[in-house]
Amino acid sequence: MRALVWLKDEGAEYAEVDLASELVAVGVAIGADPLPYRLEYTLRTFPGYLTETLSVRAHGAGWHRALDLRRSEHGAWSCETKEVGHLAGPSPGGNVQALNGALDCDLGLSPLTNTMPVLRHGLNECEGRMDLVMALVEVPHLRVLRHAQRYTHLEPGLVRYESEGFTADLSFDPDGIVTDYPGLARLVRR
């Protein structure tokens, strides 16, 4: 079990993470964009770092949203949502049928979920490039979208992340945890 803190350009994130043949994490994040919010999440993967469940709760002044996103061992996605109060923008959840072929969730603005595809495909240490489909959870609205991403090994501990015209070279520690995500977050080392 590791306790991790990332300082972000727009907030901070704390997570307790257990990595073995699967990933189990409980975390909390605060952010300011597009408005101040607090977010709590629980993430669990199947062996091989394939998403099993992501439960997210987001709170702000006068509103609360919840999302329980699940992926069966056979790859079928489901989600349950709840919303209370008013938050301008899209409703939580989305079309889970559009997630067919996605192996991973990607919790928006969290460096933690980049760990799963990098560990599963050994991209932290070995040459390679993977084009993947993710179940992207937008924060703080908790809308779920199908999202294409590419991960490319550049050198040990450095992986390029690309999606829809965005590129960032992510630094990872030997456990596969993001230590530097330019423009998003940097791990506080202790």
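The analysis underlying the following values was restricted to heavy atoms, covering all of them including side chains, and did not include hydrogens, waters or symmetry mates.
Taking CZ of Arg65 as the reference point, atom CD of Glu83 lies at 4.5 Å (rounded to 0.5 Å). Here His121 contributes atom NE2 and Arg129 contributes atom CZ; the two are 13.5 Å apart, rounded to the nearest 0.5 Å. Rounding to the nearest 0.5 angstrom, the gap separating the CZ atom in Phe172 from the CG atom in Leu119 is 8.0 Å. Taken from OG1 in Thr167 to CG in Asp169, the straight-line distance is 8.0 Å, to the nearest 0.5 Å. Atom OG1 of Thr53 is separated from atom CG of Leu69 by 9.0 Å, given to the nearest 0.5 angstrom.
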Could you give me the CA-CA distance, side-chain angles and deciding distance for Asp9 and Arg186, then say whether salt bridge (Lys or Arg N to Asp or Glu O under 4.0 Å) is met?
CA-CA 9 Å; Asp9 293 350; Arg186 180 177 290 271; over 6 Å; no

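Remark: Thr113 engages Asp106 in a side chain to side chain donor-acceptor pair (under 3.5 Å) (not counting sequence neighbours). Take Glu52 and apply the salt bridge (Lys or Arg N to Asp or Glu O under 4.0 Å) test, not counting sequence neighbours, and it matches no residue. Remark: Ser163 pairs with His147, Gln149, Tyr161, Phe166 by the side chain to side chain contact (heavy atoms under 4.5 Å, CB included) rule, at least two apart or across chains. Scored by the side chain to side chain donor-acceptor pair (under 3.5 Å) test, Tyr49 finds no partners at all (sequence neighbours excluded). Considering only residues two or more places apart in sequence or on other chains, Ser171 meets the side chain to side chain contact (heavy atoms under 4.5 Å, CB included) condition with Leu158, Thr179, Asp180. Partners of Asn124 by side chain to side chain donor-acceptor pair (under 3.5 Å), not counting sequence neighbours: none found. Ser110 is linked by a side chain to side chain donor-acceptor pair (under 3.5 Å) to Glu13, counting only residues two or more places apart in sequence or in another chain. Listed by chain and number, the residues in a side chain to side chain contact (heavy atoms under 4.5 Å, CB included) with Glu73 are Phe46 (sequence neighbours excluded). Qualifying side chain to side chain contact (heavy atoms under 4.5 Å, CB included) partners for Val26, counting only residues two or more places apart in sequence or in other chains: Thr42.
The same ILVMFWY cluster, assembled from side-chain heavy atoms under 4.5 Å apart, contains both Met116 and Val118. Val96 and Val133 fall into different hydrophobic clusters, defined by Ile, Leu, Val, Met, Phe, Trp and Tyr side-chain heavy atoms under 4.5 Å apart, directly or through other members. In this structure, Val139 is a member of the same hydrophobic cluster as Trp63, with clusters built from ILVMFWY side-chain heavy atoms closer than 4.5 Å. Hydrophobic clustering places Leu109 together with Val56 (ILVMFWY residues linked when any side-chain heavy atoms are closer than 4.5 Å, directly or through intermediates). Neither Leu136 nor Leu99 shares a network with the other; the hydrophobic side chains, linked directly or stepwise wherever heavy atoms of I, L, V, M, F, W or Y lie under 4.5 Å apart, form separate groups for each.
The backbone N or O of His74 sits less than 3.5 Å from a side-chain atom of Ser72, completing a donor-acceptor pair. Under the 3.5 Å distance criterion, the side-chain polar atoms of Asp175 are left unmatched by any main-chain donor or acceptor of Ile177. Arg71 contributes a side-chain N or O that, together with a main-chain N or O of Ala102, makes up a donor-acceptor pair within less than 3.5 Å.
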Which pairs of donor and acceptor atoms, one on a side chain in residues 27-39, lie under 3.5 Å apart (sequence neighbours left out)?
residue, atom, partner, partner atom, Å
Arg38, NE, Glu40, OE2, 2.6

Could you list the donor-acceptor pairs under 3.5 angstrom formed between side-chain atoms of residues 14-25 and any protein atom two or more places apart in sequence or on another chain?
residue, atom, partner, partner atom, Å
Tyr14, OH, Glu16, OE2, 2.9

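Taking 4.5 Å as the limit, some side-chain heavy atom of Lys82 sits within range of a side-chain heavy atom of Val84. With a 4.5 Å cut-off on side-chain heavy atoms, Ser55 and Arg44 do not count as touching. Contact annotation: the side chain of Asp68 approaches that of Arg57 to within less than 4.5 Å [non-hydrogen atoms, C-beta and beyond]. Looking at heavy atoms from C-beta onward, Val5 lies out of side-chain contact with Leu187 at the 4.5 angstrom threshold. The closest side-chain heavy-atom distance from Val144 to Trp77 is not below 4.5 Å. Side-chain contact between Leu103 and Arg120: present, with at least one pair of heavy atoms (C-beta onward) separated by less than 4.5 Å. In this structure the side chain of Leu107 never reaches within 4.5 angstrom of the side chain of Leu43, judged on heavy atoms. Using a 4.5 Å heavy-atom threshold, the side chains of Arg70 and Leu54 count as separate.
Leu7 approaches Ala12 most closely through the heavy-atom pair CD2-CB, 4.4 Å. Here the shortest heavy-atom pairing between Cys79 and Leu67 reads CB-CD1, 4.0 Å. Nearest heavy atom pair, residue Lys8 against residue Ala185, reads CG-CB, 3.8 Å.
Sorted by first and then second residue, the side-chain hydrogen bond (donor to acceptor under 3.5 Å, both in side chains) pairs with a member in residues 130-145 read Asp131-Arg150, Glu138-Arg143; sequence neighbours excluded.
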